[in-house]
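FYI, the numbering just counts along the sequence from 1. All ligand and atom numbering here is 1-based and tracks the order in the structure.
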Amino acid sequence: MKKLQRLAILTSGGDAPGMNAAIRAAVLTAKHHSIEIIGFLHGYNGLLKADYQMLGEAQVQDIIHRGGTILKSARCAEFKTQQGQIQAARVLDKLAIDCLIVIGGDGSFKGARALSQQWNGQIIGIPGTIDNDLAGSDNTIGFATAVDTAVNAIDKIRDTANAFERIFLVEVMGRESGYIAMSVAIATAAEQVLTFESHQLPSEQIDSIVNHITNAQANRGVSSYIIVVAENLWPKGTLDLANVLSQQANIDCQPCILGHIQRGGSPVYQDRILATKLGVAAIEAALDGAHYVMMGEVSNTITATALDKLPMSQKHIDEFMFNAQQSIFEFHDYK
Ligand code: ADP
């Protein structure tokens, strides 16, 4: 096996708190093994343009607690073309890179798969996305912090909702996955959660949303009521859902879109630890000659999953978690 001499690392796609912790762990582990490591800037854009910096202890000091990514992240349309992937392979060969480490989400790993058609070096993924929508790791880096941020925000919303006995619709991120929405709903004691796992078409949900609110008010008296909504769930967006509830059912509710605050902030300890473990694991896997895998943690065990196994087996929310939320807030018809 060829001795590993030079590694490269980049962060791509939606940024996630804890990416810096993963960079730090990878850089320090590489240095420990006397391997050179460079960081491409702005995701695949830096790879195409050979825009990079050398990484060492000095660059990764005091970053474990910082959100965002010191390498910057970005989307890169050019990398989606075969021409772009060929150009990336040229740059990697010119810089004598033996292994490329990609920290990102589902889209970034599609990119890594495409690159592997054009380049023979090792490619190793680290799951960095707040959405937790990748198989191969129970949690992805950034998910715990995003949930924590949303929980803190909704606790504050609950105070004002209580004061005015108001109904709130709070939209959280997650792309096509309901992981954030379901976790946040449970942790904030939200009365209702609308996610992709609700097993109903959005248009069929209006009656059930309204019935639930009506039953809750009848059972408990008028009080605050919070609905957590997964982004992309309601076809025209959460503001439209608030309008529909108002016009069709005369339900007055306040929409609130948490948006990008969920991406920022200092990573919680769970993300720092996960990122550190996976950063170390990626370098160790590289040294062992691993190729074309994502390092994750499944049932407390570091696991390597082939990059092409990730999107096909999208992971699903634990039924128990789903049922727990539903049964706690099962208000029976009040007639
Ligand atoms: P995430 O990694 O957070 O899911 P994106 O879906 O935005 O983020 O993808 C990040 C980048 O990965 C894209 O801007 C593009 O450069 C690359 N990428 C995504 N899909 C593909 C694809 N099918 N082929 C090649 N590159 C891709």
| field | Side chains of Thr81 and Gln83, donor plus acceptor under 3.5 Å | value | no

| task | Check Gln217, Glu165, His212, Glu191 against Tyr225 for a side-chain hydrogen bond (donor to acceptor under 3.5 Å, both in side chains) and give me the one that passes. | result | His212

| request: Could you list all the ring pair (Phe, Tyr, Trp, His ring centres under 6.0 Å) pairs where at least one residue sits in residues 74-98, not counting sequence neighbours? | output: Tyr44-Phe79

What donor-acceptor contacts under 3.5 angstrom involve side-chain atoms of residues 143-152, with partners at least two apart or in another chain?
from	atom 1	to	atom 2	distance (Å)
Thr145	OG1	Val268	N	2.9
Thr145	OG1	Asp271	OD2	2.5
Thr149	OG1	Thr145	O	2.9
Asn152	ND2	Asp148	O	3.3

| task | Classify the side-chain pair Ser224/Arg158 by whether it contains a donor and acceptor separated by less than 3.5 Å. | result | yes

| task | Quick one, list the residues around ligand 1 where some non-hydrogen atom comes in under 4.0 Å, by chain and residue number. | result | Ser12, Gly13, Gly14, Tyr44, Arg75, Cys76, Phe79, Lys80, Gln85, Gly105, Asp106, Gly107, Ser108, Lys110, Gly111, Arg175

| said: Test: salt bridge (charged side-chain N to carboxylate O under 4.0 Å, His left out). Region: residues 227-237. Which pairs qualify, not counting sequence neighbours? | reply: none

